[in-house]
Amino acid sequence: MSAPHTTRWEQVAEHDLAPHELRVVVAVAQARSFSGAGRDLGLTQSAVSHSVRGTERKLGAVLFERGRGGATPTPAGERAVAHARRVLRLLEILAAEARGAAGGDVGEGPGAATLTGPLRIAAFRSAALHLLPPALAALRARHPGIEPEVSVVRELGRGTAGEVADGRADIGIATIGTTSPIPPGLVGGVLVEEPYSFVHPAGHPDPRSLPLADWAENCTSYTRDWWASQDWIPKASTRTEDDGTVLAMVSAGHAMAIMPALSLTGAPPTVRISDLGPDRPTRSVGYVTTPEQAGSLAVRALIRELRALRARPEAEAGPAAPARVVSDSRKSE
């Protein structure tokens, strides 16, 4: 008797991963243990272990190193977890956009789909404080069902782009350009080209004699090269955690600084901002997202509002939109 014929669909389905398997993998990576993942998911440790072994068998790769210290993702596991987060997020978007489209045509204007649910945004500090609020206000005015969730991430190492690539954010506000290109696998574009300025205490008789204050994520190698060519700029003698601290030190008369425009939004009158001339350095601030998220309605809507800011006077930006803000201390250096 001949063996039953296996169809191509059955062969592919045998290796497909179900959403619940992806959730288990993400939970183990998050908890760094099988027992912790079980508690988070309401499963037994043996059920989590069984699920992970099945996923590893389907993928043909070990995803976690098991030991007394818990479960640590292997390089294959790190890649799998990032993809799993992104796939699970797309399933959420699929459901939300389908429900929204059920009541109208997908698009803009009357009868358009209703956009609801979370929109996860990763941004560095000054962008979260000064660039996002007017854009989110306009976004919420058009789509009140969207729930912005903003994570503040230091722009070091992989920075906000890393949060997007790893599936923790739908879109990131990042510094991009020739020396900070959009990472492979992501898409994006420049939103603002902001100049650097010489910042010093107002009324100081010799501001260039003051020590230089700086912070780690201030500028790219292009700007550092410009700094190196300016013999009047000393090496930074004071390094701080963020631009807000630098501005406070300048305001108090303790230092001078070279700072980009976003960091100087709302600077107090005790601070003097001087133009560095036509050869001044600039910083490109833009957005990054995944190719699949670039087509989602909520991400597209936010990008439209961010681009519209360039043509919209600040007075018309409106009040800040409510958003859940999460301060993220991760340093992907």
Calculate, to the nearest 0.5 Å, the distance between atoms [atom1] and [atom2] belonging to [X] and [Y] respectively.
X	Y	atom1	atom2	value
Leu264	His130	CG	NE2	8.5 Å
Leu94	Arg99	CG	CZ	9.5 Å
Asp170	Arg86	CG	CZ	11.0 Å
Met256	Leu210	CE	CG	7.0 Å

Same hydrophobic cluster for [X] and [Y], using side-chain heavy-atom links shorter than 4.5 Å among ILVMFWY?
X	Y	result
Leu309	Phe124	yes
Leu22	Ile93	no
Ile273	Val246	yes
Leu59	Val52	yes
Leu90	Leu297	no

Taking 4.0 angstrom as the limit, do [X] and [Y] come out as a salt bridge?
X	Y	result
Glu194	Arg283	yes
Arg158	Glu163	no
Arg125	Glu155	no
Asp275	Arg280	yes

Once salt bridge (charged side-chain N to carboxylate O under 4.0 Å, His left out) is applied, do any residues pair with [X], and if so which ones, sequence neighbours excluded?
X	answer
Glu65	none
Arg39	none
Glu193	none
Arg208	none

Would you name the heavy atoms of [X] and [Y] that are closest together and state the gap between them?
X	Y	result
Ala298	Glu97	N-OE2, 4.4 Å
Leu88	Pro19	CD2-O, 3.8 Å
Val250	Pro201	O-CG, 3.3 Å
Ala213	Ala255	CB-CB, 3.8 Å
Ile121	Ala169	C-CB, 4.5 Å
Thr116	Ala96	O-CB, 4.1 Å

Test your reading of the model: is there a side-chain donor-acceptor pair from [X] to the backbone of [Y], 3.5 Å cut-off?
X	Y	value
His204	Asp206	yes
Ser197	Met259	no
Lys58	Leu17	no
Glu21	Ala18	yes
Arg32	Ala29	yes
Ser229	Trp226	yes
Ser296	Gln293	yes
Arg66	Phe64	yes

With a 4.5 Å cut-off on side-chain heavy atoms, are [Y] and [X] touching?
X	Y	result
Tyr196	Thr282	no
Phe34	Ser46	no
Ile303	Ile171	yes
Thr240	Met249	yes
Val285	Leu191	no
Arg168	Ser151	no
Val150	Leu132	yes
Thr245	Trp215	no

Which pairs, with at least one residue in residues 72-83 and sequence neighbours excluded, count as a side chain to side chain donor-acceptor pair (under 3.5 Å)? none
Take Ile173 and Thr160, measure what side chain to side chain contact (heavy atoms under 4.5 Å, CB included) needs, and give me the verdict at the end. CA-CA 7 Å; Ile173 307 301; Thr160 57; 5.8 Å; no
Give the intermediate values and the outcome of salt bridge (charged side-chain N to carboxylate O under 4.0 Å, His left out) for residues Arg85 and Asp166. CA-CA 7 Å; Arg85 288 196 191 100; Asp166 291 345; 5.4 Å; no
Might you work through the side chain to side chain contact (heavy atoms under 4.5 Å, CB included) test for Arg272 and Val199, ending with a clear yes or no? CA-CA 6 Å; Arg272 174 79 180 272; Val199 188; over 6 Å; no
My understanding is that only residues two or more places apart in sequence, or in another chain, count here; which of them pass side-chain hydrogen bond (donor to acceptor under 3.5 Å, both in side chains) with Thr55? none
Just do the side chain to side chain contact (heavy atoms under 4.5 Å, CB included) check on Leu306 and Leu131 with the steps written out, would you? CA-CA 8 Å; Leu306 286 166; Leu131 184 63; 4.2 Å; yes
With a 3.5 Å cut-off and no angle check, do the side chains of Arg53 and Ser49 form a donor-acceptor pair? yes
Evaluate the criterion side chain to side chain contact (heavy atoms under 4.5 Å, CB included) for residue pair Leu302 and Leu136; output intermediate values, then yes/no. CA-CA 7 Å; Leu302 176 58; Leu136 293 180; 4.0 Å; yes
